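Since we're looking at a predicted model, the values are computed, not measured. Both backbone and side-chain heavy atoms feed into the values below; hydrogens, waters and symmetry mates do not. Lettering of chains follows the sequences in order, A, B, ..., and the numbering in each one begins at 1.
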Amino acid sequence: MDYSSEVARHFAAPRQAGTLPPGPGTLVRGEGGSVEQGALVVFQARIDAGRVVALAWQAYGCPHVIAACSLAAEKLTGCTPAELGTFEPLCLRGPLEVPALKSGRLLIIQDALRKCLAAWDNGDQRSPLNKRN
Amino acid sequence: MDYSSEVARHFAAPRQAGTLPPGPGTLVRGEGGSVEQGALVVFQARIDAGRVVALAWQAYGCPHVIAACSLAAEKLTGCTPAELGTFEPLCLRGPLEVPALKSGRLLIIQDALRKCLAAWDNGDQRSPLNKRN
Amino acid sequence: MQLPVYFDYAASTPVDPEVVGLMADCLRRPELAANPAALGHAAGRAAQALVEAARAQVAALINAQPDEIIFTSGATEADNLAVIGTAWFRQARGRHLVTSLTEHKAVIESCRHLATQGWRITWLRPDAEGLIAPAAVEAALEPDTVLVSLMHVNNETGVVHDIAAIAAICRRHDVLLHVDAAQSAGRERIDVRAGQIDLLSLSAHKIYGPKGVGALFIDQERVRRVSPLLFGGGQERGLRPGTVATHQVAGMGEAFRLAAQRLPDEARHVTALRDQLWSGLRQLPGILLNGHAERRSGHILNVSITGVEGESLFYSLADLCVASGSACTSLSNEASYVLRALGRPAALAQSSIRFSFGRQSTAAEVDFAVEYVLRAVQHLRSFSPIDVPGA
Amino acid sequence: MQLPVYFDYAASTPVDPEVVGLMADCLRRPELAANPAALGHAAGRAAQALVEAARAQVAALINAQPDEIIFTSGATEADNLAVIGTAWFRQARGRHLVTSLTEHKAVIESCRHLATQGWRITWLRPDAEGLIAPAAVEAALEPDTVLVSLMHVNNETGVVHDIAAIAAICRRHDVLLHVDAAQSAGRERIDVRAGQIDLLSLSAHKIYGPKGVGALFIDQERVRRVSPLLFGGGQERGLRPGTVATHQVAGMGEAFRLAAQRLPDEARHVTALRDQLWSGLRQLPGILLNGHAERRSGHILNVSITGVEGESLFYSLADLCVASGSACTSLSNEASYVLRALGRPAALAQSSIRFSFGRQSTAAEVDFAVEYVLRAVQHLRSFSPIDVPGA
Ligand SMILES: Cc1ncc(COP(=O)(O)O)c(C=O)c1O
Ligand SMILES: Cc1ncc(COP(=O)(O)O)c(C=O)c1O
């Protein structure tokens, strides 16, 4: 498997990885995929004054998935909550040079982001920060 | 195929090979085998005063056959005509180190010698010296 | 230390310098260039003599007779010839074979091919530590079983099967036993006579010989013949046609000669390195040893690491030449079927690393590997959503 | 002059020094020691890159695409894969094959094996000069013919078959054509595209490469797949499992690269020597040329000598490494079946000598051979009972 230098960069120093500390605004959470499927991603978003003021992610997955989380988090910070739902992760294929065979994996990022939006829409403010087993 | 040094010696310098010139006594001839069988030998014997005074042979055959003709001719020169018929060519196996698989070929020498004796017994004195096609 | 560090001796070994020297000599000398089947002339016989000397060397390592050794293009072909060749030759006696789920693909795919041709295959499943119980072999035998094919040392986990006990059962039931010894020859002692083995596959490149040459031992008394899979000029007693590659078999012979000499030292060397590696890596929370803890050959250590994904794990280990259970790094597209057969879930099978050691491996390399793996796993876990107790 | 003189280049050639250099380098460099299927690490990828470069070089010699080349253990295996693999893969389409009585044993025995499995084989007989008429191929085609397998240059007589005409017929009838080019690759120009060849067998050791490696060209459009004969780890697109021997295929690639460069000069060189030999030998009464006088490749001269027995003839030629039609000098136990198929009686087939020439052959060697053969025949005829007109 070959990885682009952009993937390599994100993998070595992922941006906004981890969890968000407690703070002002609303913290929502969404996940996509599963260990059994080979990739599991969790996004957290802090929404304040109609903006996603902070975004963090955790991922179990291949380098493409990890780089995609890193790049998506970077791109989406500052967006509106609605944009979490309309974000098209396939747009990351180009910058990251994700091979066609793997592009399906990016869709789990969409799932996680949409679940963040749904949580926001539901007024769900309990953010389960604890990791899963 | 390995050949003993005795075979090599006879092959390089066969003894009594060729045909006998006209001369005193009775000239008889006998052949054994055929080209199709892979070996053809012709023996000529000059018999004078109850003795084989000269013996010559020609052979188309493998080195073992050629060496066996050479050795048989040498051994039998001076024998009685009857001994041409009783000669046991398998006795050449030892001195020439003929492998078991090939020992059957020596029997065509017996055939040729017995035909010489038969020709003598028949009083056949025409010796067809000309080669075959 | 040269990077990347080579820890993939179970996949292939560098050719021993003495073997290279002999092979280069053999390739260079025009008087050895002839076809070893050209017995009619001196040059052919000189090549043939080299081939026969090599056959004796290969036979010696396993206590066989030289004429029981058939040279092949590798252990894959030897496995095929043993399994398919025996099945065809003995089909009148029966069409049932016993093998295991953790054999090399060469045996597994040969059996699967036979299954498409009407043979019945019993696939034994190892226990969680990778071992096949001899009693399970006995239970699998049927009246029309013609062959049991089980490997000596597993190429992924390094576990050593109890071939002696299995062989005794096969003899008792008059069933032939084929053993794939590609990983064990030259590393574990093998005696086909004492061990009652009927067919045994060998590879040169696993033990510092050249790639592309192997051999099948065929017990002359018990087996005598198998059906050839390839047809041609009658070489190798009609069982394996094609011009015998003089330099290749000569290289294999020399490698096997050296292996016989060096076996005890080498086994000690790799076992020490493996133990050093394991005692370093086992500090890592959530690391699991794959395969039995004691019944294992010294040159392989296989671990799974929980909570990190296989492909990323493997990608993080770019400075190590190791084998992984991760699908995308091998020709096949599945997670290690061997670890799956041991009951590991797909994710753990994928997050496995096989380290394998050899003559050139050093303690410094192992120290480096320990630190390097710990660091990589720490990085991956730093953004993993999966909680590993103790991490 | 070094005795014995080597005139057996059609059986095997010495490995070119440049090829030996490359192979030795490949064997010696630890960073190329990895298994080329270990794509997960840098060492494996380095080995793989060598393999792919070699694949491109082999493809280039015959104007194929690299991915149409499957590496095998030699032309014998390539022939088996082409004939048996095609037959099995296309058995639903039909179970009839066309081949000739003068093919290499690898094709003949593959067809005989298929015959035992229910296939029908049409065995074309060549004319007295060893040629198969394209019209005879056409006449042999049946509605269920799936493959025609005919060689390019015959290994015993050197005659060159009219593959272009035969290929045109096969295309017209939509039947696949396999060509055994073991003797012609690197000696005659081959273009599988222009020549409309569907499968083509190659061997390295016939053209200054190593023994034990060959290749099968499989046209991607027309053939796509054949059934594999060996089963295992999925190497070579699943058609030929087993660890690819990096040094061997690299050696083959280099040998083919050199062959492409040197072909015209080399053809001139061997043709001149062959003509020199024949003009010297034809003085001998009762000598017969085997095979067509013009449609022949430059590197082989095959003659029969009447009135002398084959084994003794051959024994007299101990200072020449030549091939003979005599049974006892080869692995098979029959007089040359190729010459028999041309209508030569057994005795003449046995009293045949095949001289074959190569890069290192010289005019002085040929002069020596002429005198040496004349002397040997004279000696044998001095005590032969068979009259040869003129002798
Ligand atoms: C256990 C086992 N059997 C068979 C093989 C196949 O060996 P080869 O590469 O010589 O075909 C291997 C290695 O790939 C192996 O580890
Ligand atoms: C025409 C022909 N086909 C096939 C072969 C077999 O080649 P290999 O020795 O590579 O198996 C040979 C040589 O023996 C040959 O001359």
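Counting heavy-atom pairs closer than 4.5 Å to chain C, the top-ranked of the candidates D:T246, D:V213, D:D8 is D:D8. Of all the listed residues (C:R28, C:E77, C:H247), the one sharing the greatest number of non-hydrogen pairs under 4.5 Å with chain D is C:H247. For the options C:A318, C:S110, C:G214, C:G238, heavy-atom pairs under 4.5 Å to chain D are most numerous at C:S110. In terms of heavy-atom pairs under 4.5 Å with chain D, the best-connected choice from C:S203, C:G242, C:P4 is C:G242. Contact count against chain C (heavy-atom pairs under 4.5 Å) is highest for D:H113 among D:Q2, D:H104, D:M23, D:H113. The candidate from D:G212, D:G74, D:P210, D:A34 with the greatest count of non-hydrogen atom pairs under 4.5 Å with chain C is D:A34.
Every residue meeting the salt bridge (Lys or Arg N to Asp or Glu O under 4.0 Å) condition with D:D25, not counting sequence neighbours, appears here in chain and number order: D:R29. For C:V15, the side-chain contact (heavy atoms from CB on, under 4.5 Å) partners are C:V19, C:V20, D:L27, not counting sequence neighbours.
When heavy atoms are compared at a cutoff of 4.5 Å, C:V244 approaches chain D solely by way of its backbone atoms N, CA, C and O. In this structure, the portion of C:I84 lying under 4.5 Å from any heavy atom of chain D is its side chain and not its backbone. Proximity to chain D (any heavy atom under 4.5 Å) is shown, for C:P17, by neither the backbone nor the side chain. For C:N35, the parts lying under 4.5 angstrom from a heavy atom of chain D are both the backbone and the side chain. Only the side chain of C:R240 comes within contact range of chain D, with at least one heavy atom under 4.5 Å from a heavy atom of that chain. Residue contact with chain D, scored on non-hydrogen atoms closer than 4.5 Å, is absent for C:V83.
The side-chain heavy atoms of D:S12 and D:K206, taken from C-beta on, include no pair separated by under 4.5 Å.
Remark: the C:E18 side chain and the C:Y208 side chain contain no N/O donor-acceptor pair separated by less than 3.5 Å. Side-chain contact of C:T13 with C:H205: a donor-acceptor pair under 3.5 Å is absent, judged by distance alone.
For C:F314 against D:G40, the heavy-atom pair with the smallest separation is CE2-O, 3.1 Å. The shortest heavy-atom contact between D:N302 and D:R354 is ND2-CB, 3.9 Å.
Salt bridge status for D:D79 with D:K105: absent, with no side-chain N to carboxylate O gap under 4.0 Å.
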